[in-house]
Amino acid sequence: MQNPNSLKQEFLKKWMMGLQIYTTTNENMTVAERKTAIKLSADIALASSRNCATRWSRAVIARSSVDNRSCLVANGVLGRGLCERVKQISNLKITRSSWSSGKIVKRSRRVWRRRRRRNKCMAAVTIARRLVQRRTKVLRGLVPGGEFMDEISLIEETLDYMSALQAQVDVMRFLASAYNPSSSS
């Protein structure tokens, strides 16, 4: 993992770069557009500060590179070549059809298991396993790109994503306190 201070510095530098790119394309922004600009720039900066080395960072960049304006920001922060390469890598990893066929197989296994267990009482191990599976499913929905990861990779990516989010929150709190009008009087 990267040093938290260097991660914060890298995030702040790329976030400001993304905000500058976004605001130069549209100078008269509404509050909703400003919110979108801040969120988009923060997401791209956070992902690019990890140098696209993690799956979640590639998923964030690929997801944000759909819209024309967000693609412009991503290209400006990452460079056009890296942005295109990340989109290609994320498209090649796994397709929706293979993911949904996996869901069909899992569903048929689930039905078979239910039939087998009808007369048996549920053991504590089974209850614990179901609880872990439910929580893993929730975690897959929270981590960008987590839908296609195995459990070990999901935990590693979650830890990295959490540390990156903590760095993002720290930088944003620092900026908010620096620009707070009550602290300057």
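Only this structure's heavy atoms are used, side chains among them; waters, hydrogens and symmetry mates stay out.
One distance of note links CG of L12 with CD of Q168; it measures 11.5 Å at 0.5 Å rounding. The OG1 atom of T54 lies 11.5 Å from the CD atom of E156; values are rounded to the nearest 0.5 Å. Interatomic distance, CE of M16 versus CD of Q20, reported as 8.5 Å (0.5 Å rounding). Expressed to the nearest 0.5 Å, how far CZ of R129 lies from OG1 of T126 amounts to 5.5 Å. To the nearest 0.5 Å, the span separating NZ on K13 from OG on S49 amounts to 10.5 Å.
For CE of M29, the number of neighbouring non-hydrogen atoms (other residues, nucleotides, ligands) closer than 6.0 Å is greater than 12. The local environment of CG in L131 is crowded, with over 12 non-hydrogen atoms from other residues, nucleotides or ligands closer than 6.0 Å.
K35 places none of its side-chain heavy atoms less than 4.5 Å from the side chain of K39.
Ion pairing of R140 with E151 is present here, as a side-chain N (NZ or NE/NH1/NH2) and a carboxylate O approach within less than 4.0 Å.
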Taking it one step at a time, do R173 and V169 satisfy side chain to side chain contact (heavy atoms under 4.5 Å, CB included)?
-> CA-CA 6 Å; R173 279 187 182 155; V169 167; 3.8 Å; yes
Report the C-alpha distance between R50 and L7 in whole Å, list the side-chain angles of each, state the deciding distance to 0.1 Å, and finish with yes or no for side chain to side chain contact (heavy atoms under 4.5 Å, CB included).
-> CA-CA 8 Å; R50 299 300 296 141; L7 179 65; 3.8 Å; yes
Derivation and outcome, side chain to side chain contact (heavy atoms under 4.5 Å, CB included), residues W56 and L46 = CA-CA 10 Å; W56 68 262; L46 187 65; 3.9 Å; yes
Residues I44, W15; criterion side chain to side chain contact (heavy atoms under 4.5 Å, CB included); working and verdict = CA-CA 8 Å; I44 292 173; W15 186 34; over 6 Å; no
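Taking hydrophobic clusters as Ile, Leu, Val, Met, Phe, Trp and Tyr residues chained together by side-chain heavy-atom distances below 4.5 Å, Y179 shares a cluster with L19. I38 is connected to L165 through a chain of hydrophobic side-chain contacts under 4.5 Å among Ile, Leu, Val, Met, Phe, Trp and Tyr, so both are in one cluster.
Closest approach of N28 to E33, counting heavy atoms only: O-OE1, 3.9 Å. Pairing each heavy atom of L142 with each of Y161, the nearest pair is O-CE2, 4.0 Å. A59 and P144 get closest at one heavy-atom pair: CB-C, 3.7 Å. Among all heavy-atom pairs drawn from M172 and A42, the shortest one is CE-CB, 3.6 Å. Of all heavy-atom pairs spanning A47 and I61, the tightest one is CB-CG1, 3.7 Å.
Side chain to side chain, D170 and Q166 meet the donor-acceptor criterion of an N or O pair below 3.5 Å.
Partner T158 forms a side-chain contact (heavy atoms from CB on, under 4.5 Å) with one of D160, L154, I155 and no other, that one being L154.
Looking only at distances, no side-chain donor or acceptor of S153 sits under 3.5 Å from a matching main-chain atom of D150. Panel note: side chain E157, backbone R55; a donor-acceptor pair is recorded below 3.5 Å.
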